[in-house]
Amino acid sequence: SYETGPDHKRYAVSGEVSIDATPGRTPEETIPKAQHIRATALAPVDPSPQDRSVAALASQLEQQARQELSVQQREIALASEQEHSNFYR
C-alpha cells in the first residue's frame with residue numbers, strides 16, 4: 001500500500017511479495033537460494049511475524065541442504081577410499 005508524502009509523491013509503506021521457497025535441484029543451488037530468501041525476509045527494519053516465519057523456513061531449507069551436501073560428500077569420500085584400497089590390493 002502507498003501513502004502520499006509531504007512532497008505529494010506516493011511512497012510504498014507496506015505490501016507483500018510472493019517468493020519461490022522450493023529447494024533447488026541440488027544442495028549447492030538450494031543453499032544460496034535459502035540465504036537470499038532469509039536475507040530478503042529480514043530486510044525490513046521491523047520484520048513482521050510473517051517475515052520472521054519465512055526467514056525461519058529458509059533457515060530450515062538451508063540446514064537440510066547442508067545436511068544433504070554433507071551426506072553426499074561423505075559418500076564420495078567413502079567411495080574414493082574404497083576405490084583406493086581396492087587398487088592397492
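The shown structure was predicted, so the numbers you read here are calculated from the model rather than taken from an experiment.
- Between P27 and A65, the shortest heavy-atom distance links the atoms CB-O, 3.4 Å.
- In terms of heavy atoms, G24 sits closest to T30 at N-OG1, 2.8 Å.
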side-chain contact (heavy atoms from CB on, under 4.5 Å) evaluation trace for T40 with I19 | CA-CA 10 Å; T40 301; I19 60 166; 5.6 Å; no
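- In plain terms, the two heavy atoms of L61 and A21 that are nearest each other are CD2-O, 3.7 Å.
- Two residues are said to be in side-chain contact when any heavy atoms from C-beta on lie closer than 4.5 Å; L78 and Q82 meet this criterion.
- No hydrogens or angles considered: nothing links the side chains of S48 and R52 as a donor-acceptor pair under 3.5 Å.
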List the steps, then state whether side-chain contact (heavy atoms from CB on, under 4.5 Å) holds for E3 with R10.
-> CA-CA 5 Å; E3 288 184 11; R10 290 176 41 144; over 6 Å; no
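- Ionic pairing of E29 and K33 is not present here: no N-O contact between side-chain nitrogen and carboxylate oxygen is shorter than 4.0 angstrom.
- Between T4 and K9 there is no side-chain heavy-atom pair separated by less than 4.5 Å.
- Taking every heavy atom of both residues into account, A41 and P47 meet most closely at O-CB, 4.1 Å.
- Considering CD of E16 and CG of D51, their distance stands at 10.5 Å, rounded to 0.5 Å.
- In this structure, a donor-acceptor pair under 3.5 Å is present between the side chains of R38 and S59.
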Start with the C-alpha distance between R66 and I31, add both sets of side-chain angles, then the distance that settles side-chain contact (heavy atoms from CB on, under 4.5 Å), and finish with yes or no.
-> CA-CA 7 Å; R66 288 190 182 282; I31 292 168; 3.5 Å; yes
Stepwise, does the side-chain contact (heavy atoms from CB on, under 4.5 Å) test hold for Q67 with V71?
-> CA-CA 6 Å; Q67 288 173 345; V71 167; 5.7 Å; no
